[in-house]
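Written out below as structure tokens is the structure these notes cover.
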Amino acid sequence: MRALTPRHDQFRHRHIGPSAEETTEMLATIGVETLSELIDQTVPENIRLREPLQVDSAVSEYYYLQHLKGLASRNKVFRSFVGMGYHGTITPSVILRNLFCNPGWYTQYTPYQAEIAQGRLESLLNFQTMVSDLTAMPVANASLLDEGTAAAEAMTMFYGHKNKRVKSDPANVFLVSDLVLPQTLAVLRTRAEPLDIEIRVGSVADFELDEARVFGILLQYPGANGMVEDYRDITERAKAASITVTVAADLLALTLLVPPGEWGADAVVGNSQRFGVPMGFGGPHAAYFATLDTFKRLIPGRIIGVSQDRHGNQALRMALQTREQHIRREKATSNICTAQALLANMAAMYACYHGAEGLKAIALRTHHFTIILADALRTAGFTLAGEQFFDTIHVEASPEKIAGIRRSAETEGYNFFYPAEGGIRISFDETVATTDLQAVCRIFKVDLGYVGAELTPSGGIAGIETNLAPALRRTSDFLTHPNFHDYRTETEMMRYLKRLENKDLSLTHSMIPLGSCTMKLNAATELIPVSWPEFADIHPFAPIEQAQGYKELFQELEHDLAEITGFTACSLQPNSGASGEYAGLMVIRAYHQNRNESHRNVAIIPESAHGTNPASAVMAGMQVVVVKSDAAGNVDIDDLREKAEAHSDKLAALMITYPSTYGVFETGVVEMCELVHAHGGLVYMDGANMNAQVGLTSPGRIGADVCHLNLHKTFAIPHGGGGPGMGPICCNEKLAPFLPGHPLQDTGGLKGTSAVASAPWGSASILLISYAYIKMLGSRGLREASEFAILNANYIKARIQDSYDVLFTGEGGRAAHELIIDLRPFKSVMSAGDLAKRLIDYGFHAPTLSWPVAGTVMIEPTESESKDELDRFCDALLAIRREADAIARGEVDATDNVLQNAPHTIAEVTGDEWHHPYSRSEAAYPLPYLRQGFKFWPSVARVDDGYGDRNFVCTCPPVSEYSSTVVQ
């Protein structure tokens with residue numbers, strides 16, 4: 001991308017919050033004269049970059065969009081009838097505009113703080129209900145990353161369940177149908193290898209159900225070749241042998257087919273992409289995972305449940321969240337961190353908008369069009385695989401015939417799927433029209449008798465009968481809850497979306513100061529192109545020649561991310577931070593194996609590390625050894641040296657976060673890396689805190705070998721209420737050959753590991769956001785983003801340090817881009833949870849609670865917040881300290897006070913009765929700025945954070961009562 005002349009409207013001035021005047025005032029408060037002086041006191045000199053980043057000069061937002069239009073024009077949007085888990089879909093405009101393109105939905109954080117997340121919690125509960133109903137399974141989670149990941153999670157879940165009491169020689173065989181999607185199989189193989197799980201692929205008819213060796217089977221329903229088979233017999237035989245059955249199922253097909261839950265499946269997994277979410281060259285899309293009540297404590301990811309607030313009113317919150325891996329660490333069975341909440345919300349609203357009848361109509365019309373095509377091809381002499389199908393047919397033909405058809409198809413602007421084993425697969429979807437049917441027949445040189453017909457009341461095509469046997473046809477109801485009936489008009493759907501949005505605090509309201517989560521500006525210019533058809537409507541397995549715009553973008557982004565990290569190579573495939581951790585460790589594993597050092601399997605991890613770090617290490621087949629922290633919160637280098645020496649022969653890797661999880665640039669980081677290298681290990685750097693590094697130092701500069709990058713943090717992809725996320729990995733030359741590949745696109749290293757995600761470049765469409773962030777900031781802006789993140793954190797520290805203890809600082813007395821304040825001295829009058837709930841009354845989301853140190857909060861303001869916003873937040877913290885002091889002095893009631901009763905709802909504050917010893921004004925308007933348009937009202941009062949004292953229904957409950965199906 002060519003450099004353009006700098007302009008007055010450079011993006012860095014829009015992205016970075018403090019003005020020049022505010023910066024001067026903030027520096028004075030901190031006690032330094034210049035920003036350079038602050039950075040010198042914060043970032044150790046020995047790791048500082050000597051030269052500016054070699055990335056393109058910044059361009060303005062206007063010129064960036066012109067450039068991107070040029071890239072978009074290089075993508076060819078063919079009619080895609082490829083299928084293979086990705087389909088054309090129609091996003092209802094009301095959902096596209098009011099949800100997908102709405103910062104009130106895409107800038108929300110994961111709904112840990114239930115009182116200010118009731119809107120997205122309800123939407124995610126709709127998603128769970130949709131999945132549970134369609135699959136006929138009692139429990140479903142609130143989404144996973146992709147179908148391949150979901151299938152792999154089922155595999156490892158059932159492997160652990162089967163062998164939980166087995167000391168040696170576990171049942172380790174997983175039988176996989178040869179009709180499972182190839183990208184799913186690739187992810188399964190990746191996940192199975194380090195755990196010594198044996199994948200056996202074959203025809204279901206040939207499965208050998210050896211109870212002593214086999215722990216589970218995986219079926220595809222319908223199969224990759226489109227065939228719909230009756231799996232009752234194999235399921236019954238598996239059950240009899242105590243072997244679990246996982247089914248990867250198409251949700252739209254389940255509106256017509258008997259759902260797996262009705263014929264005995266133990267888990268049903270898949271993708272909700274075709275429910276209104278564009279293909280986006282691979283993502284993001286919300287996978288789903290549903291299972292039996294028996295396994296509810298083992299489900300990966302998150303479950304939304306129904307509880308009560310302190311007034312006894314119905315309230316939603318995340319249930320069973322103890323399974324998140326920051327709790328279980330190396331004992332985890334999954335490292336799932338990021339979900340795909342925004343896309344789950346889209347799919348759920350698609351189901352609400354269409355309802356059961358609408359979904360069945362879409363499915364039936366798609367099915368009937370497929371039948372018409374199949375009949376035409378058979379009549380012309382083509383052989384099809386099988387008699388029963390839903391939306392996909394597999395056509396047998398000679399290699400020469402296939403080549404000719406492919407040329408004709410691409411000339412006409414159509415893509416089909418061409419399996420390596422031969423044949424042609426054509427998958428129809430809801431976008432198919434009579435003109436498409438005519439074009440496909442023309443490509444095959446087949447006469448088409450069909451010229452169009454009326455649709456029946458049920459949505460099918462008049463005169464067409466299903467080819468599905470009666471035993472395969474669904475008869476049970478689904479989506480019966482009012483939420484799937486009440487919002488069929490655009491007016492009602494628009495208002496429903498707005499009502500839910502209004503219940504949630506997002507970046508449209510105020511800063512979200514979460515430590516290690518970097519809730520920075522998600523700029524409109526970065527987000528706008530994601531919905532452009534040239535990027536949104538391309539299949540991930542389309543020939544790369546049709547995606548030259550994407551290809552150029554990938555190459556430039558990989559180059560820039562490698563430059564920023566100080567490495568030489570990059571893989572864009574991992575589609576979450578946790579997935580990136582796993583991918584990086586698998587690359588390290590492959591490196592050691594390639595050197596005939598497979599015995600190197602010890603990962604040394606600081607006790608302060610993110611919980612997904614040890615979980616990822618275990619998943620990568622490594623043994624976790626924990627290293628202590630010293631009194632200053634740094635890695636104890638003496639303990640590290642002792643552990644490295646003790647495990648020298650088996651040392652595979654050190655996993656570190658830099659700056660540390662305590663918000664400090666540790667001065668001994670280079671020594672740590674050199675120490676591990678001296679013992680034959682490699683260094684993995686967790687990229688969670690890259691927002692303090694970019695342009696100032698780098699993982700390569702400190703001596704690391706590989707890192708992942710949370711693009712949904714440092715590089716501006718929005719959190720979307722708990723996803724999307726992206727976690728690319730960058731590495732040095734010796735690890736580059738082992739970057740992950742993919743079975744259906746040419747990507748990865750020459751000795752690449754198998755795929756870690758279903759799509760070749762992960763959630764490709766949102767890579768546009770990080771690409772824009774880098775292009776519009778340029779070298780100077782990227783560095784300044786880091787500098788101002790550090791400035792803002794130290795400004796907060798300076799303003800509050802006389803009232804709160806800041807736990808850890810660097811040798812210069814400075815915080816990095818985040819800081820931890822200690823609330824343990826106030827535990828008799830105020831807990832960390834009390835501060836979090838009271839901040840809602842002040843219009844703010846809570847910082848990170850009780851992590852990495854119990855009884856603390858970790859604050860990260862980001863570079864995007866202005867001094868005015870930082871001052872409001874500091875004023876709120878200082879006011880809360882005064883409220884705690886008043887309780888400590890006995891001036892207010894010890895149990896009935898603003899802290900323990902927070903947050904206060906508008907219903908409580910405006911109600912007829914008020915029984916508290918403090919005023920309504922003290923509850924709702926404790927500071928003047930709240931009367932100036934900054935007030936946010938929670939829709940429910942405090943929700944209990946306990947785990948075992950409430951009943952939870954995990955699907956939409958009846959309007960007036962709870963369901964009897966509970967999770968406790």
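The structure presented is a predicted model; accordingly, all values stated were derived computationally and were not measured. Heads up: numbering here begins at 1 and tracks the sequence.
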* **Greater than 12 external heavy atoms within 6.0 Å of Arg48's CZ** =>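 Above 12, so yes.
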Please confirm whether the ring centroid of [X] lies under 6.0 Å from the ring centroid of [Y].
{"X": "His742", "Y": "Phe541", "result": "yes"}
{"X": "Tyr106", "Y": "Phe100", "result": "no"}
{"X": "Tyr773", "Y": "His15", "result": "yes"}
{"X": "Tyr658", "Y": "Phe665", "result": "yes"}
{"X": "His285", "Y": "Tyr86", "result": "yes"}

Charged N to carboxylate O below 4.0 Å: is that the case for [X] and [Y]?
{"X": "Arg872", "Y": "Asp868", "result": "no"}
{"X": "Arg274", "Y": "Glu430", "result": "no"}
{"X": "Lys69", "Y": "Glu534", "result": "no"}

Is the [X] ring parallel, tilted or perpendicular to the [Y] ring (thresholds 30°, 60°)?
{"X": "Trp761", "Y": "Phe281", "answer": "parallel"}
{"X": "Trp532", "Y": "Phe535", "answer": "parallel"}
{"X": "His712", "Y": "His719", "answer": "perpendicular"}

Check for a donor-acceptor pair, side chain of [X] on one end and backbone N or O of [Y] on the other, with a separation under 3.5 Å.
{"X": "Gln693", "Y": "Asn689", "result": "no"}
{"X": "Thr568", "Y": "Glu733", "result": "yes"}
{"X": "Glu865", "Y": "Leu870", "result": "no"}
{"X": "Ser786", "Y": "Val694", "result": "yes"}

How far apart are the closest heavy atoms of [X] and [Y], and which atoms are they?
{"X": "Ala542", "Y": "Asn415", "result": "CB-ND2, 3.9 Å"}
{"X": "Thr107", "Y": "Leu507", "result": "OG1-N, 3.2 Å"}
{"X": "Gln183", "Y": "Ser758", "result": "CB-O, 3.3 Å"}
{"X": "Leu709", "Y": "Cys730", "result": "CD1-SG, 4.1 Å"}

* Any side-chain heavy atom of Asn732 sitting closer than 4.5 Å to one from Val706? ->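 Result no, sub-4.5 Å side-chain heavy-atom pair not found.
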About how many Å separate [atom2] of [Y] and [atom1] of [X], when rounded to the nearest 0.5 Å?
{"X": "Glu22", "Y": "Asn792", "atom1": "CD", "atom2": "CG", "value": "9.5 Å"}
{"X": "Leu557", "Y": "Tyr771", "atom1": "CG", "atom2": "OH", "value": "8.5 Å"}
{"X": "Ile859", "Y": "Leu819", "atom1": "CD1", "atom2": "CG", "value": "5.0 Å"}

